[in-house]
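Inspection log for the structure reproduced underneath, given as structure tokens.
Everything numeric here is computed off the predicted structure, so don't read it as measured data. Every chain is numbered from 1, with letters handed out A, B, ... down the list of sequences.
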There are 2 protein chains.
Amino acid sequence: MGVYGLILNHMVQSSATLDLLYAALADKSRRAMIARLARGPASVSELARPLKISLPAVVKHLGLLEESGIVVSKKVGRVRTCRINPKRLDVAQTWLARQRALWEARFDRMDAFLLEDGDIDE
Amino acid sequence: MGVYGLILNHMVQSSATLDLLYAALADKSRRAMIARLARGPASVSELARPLKISLPAVVKHLGLLEESGIVVSKKVGRVRTCRINPKRLDVAQTWLARQRALWEARFDRMDAFLLEDGDIDE
């Protein structure tokens with residue numbers, strides 16, 4: 001299968017999760033809601049207050065955030081309280097960190113090659 | 001404006017960039033292309049080879065990756081060579097890291113509060 005095949009294989013397994021995660025992050029209102037919830041739980045109306053969009057729009061964005069798993073909510077009485085799920089944000093961050101590690105490993109190999117080749121004097 | 005207002009303000013400035021970045025990441029073929037390019041430059045046909053999609057589809061995905069700034073490409077003769085732009089991936093990762101920092105700061109404050117309150121004995 002080769003290394004690239006293994007990478008692809010791993011991605012297919014978690015690809016639906018990553019699709020939903022990054023799609024959820026690709027909107028400024030949803031990012032503002034995440035940034036608010038990173039500071040602590042909030043009701044839907046608290047989430048909506050600083051945003052320049054309608055309450056139904058906020059509820060729709062919240063649905064996408066919940067579908068991605070980034071946000072969880074619970075209704076008690078008439079108030080729905082939203083919380084962030086930091087483990088889901090970690091999944092999105094870990095994928096990006098892995099690409100950086102691949103990229104940096106490439107430069108480490110290039111450095112090693114140049115040193116062996118005697119092009120760099122110390 | 002308040003802290004939440006400042007956060008929103010900062011987001012509006014870079015929101016178009018983040019929208020494009022996260023939208024570019026929200027597709028498994030594009031993520032596979034990024035993972036391949038993290039290992040080094042590749043031609044369009046090299047990028048397409050392991051993917052189960054048509055060459056025109058690969059070219060379309062490449063267009064979105066270039067629009068987001070994650071990938072840059074240059075045509076020399078008949079071959080277009082693609083490279084990753086790690087600084088753009090860093091922008092996507094930095095936003096996520098900032099949310100984690102906000103989240104962890106919240107727990108540090110809660111710990112401090114509990115310690116002051118005398119609920120935790122050392």
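Looking at A/Arg100 and B/Asp90, a side-chain N of the basic residue comes within less than 4.0 Å of a carboxylate O on the acidic one, giving a salt bridge.
For the pair A/Leu21 and A/Arg88, the minimum side-chain heavy-atom distance is below 4.5 Å.
Contacts between A/Arg30 and chain B at a heavy-atom distance below 4.5 Å are absent for every atom of the residue.
Contacts of A/Ala97 classified as side-chain contact (heavy atoms from CB on, under 4.5 Å), with partners at least two apart in sequence or in another chain: B/Gln93. Legend: residues meeting side-chain contact (heavy atoms from CB on, under 4.5 Å) with B/Ala42, ordered by chain and number and at least two apart, are B/Arg36, B/Leu37, B/Glu46, B/Leu47.
Within residues 70-86 of chain B, the residues approaching chain A closer than 4.5 Å by heavy atoms are, in numerical order, B/Ile84, B/Pro86.
Within the structure, salt bridge (charged side-chain N to carboxylate O under 4.0 Å, His left out) contacts touching residues 48-72 of chain B (residues at least two apart or in different chains) do not occur.
Panel note: side chain A/Ser54, backbone A/Ala57; a donor-acceptor pair is recorded below 3.5 Å.
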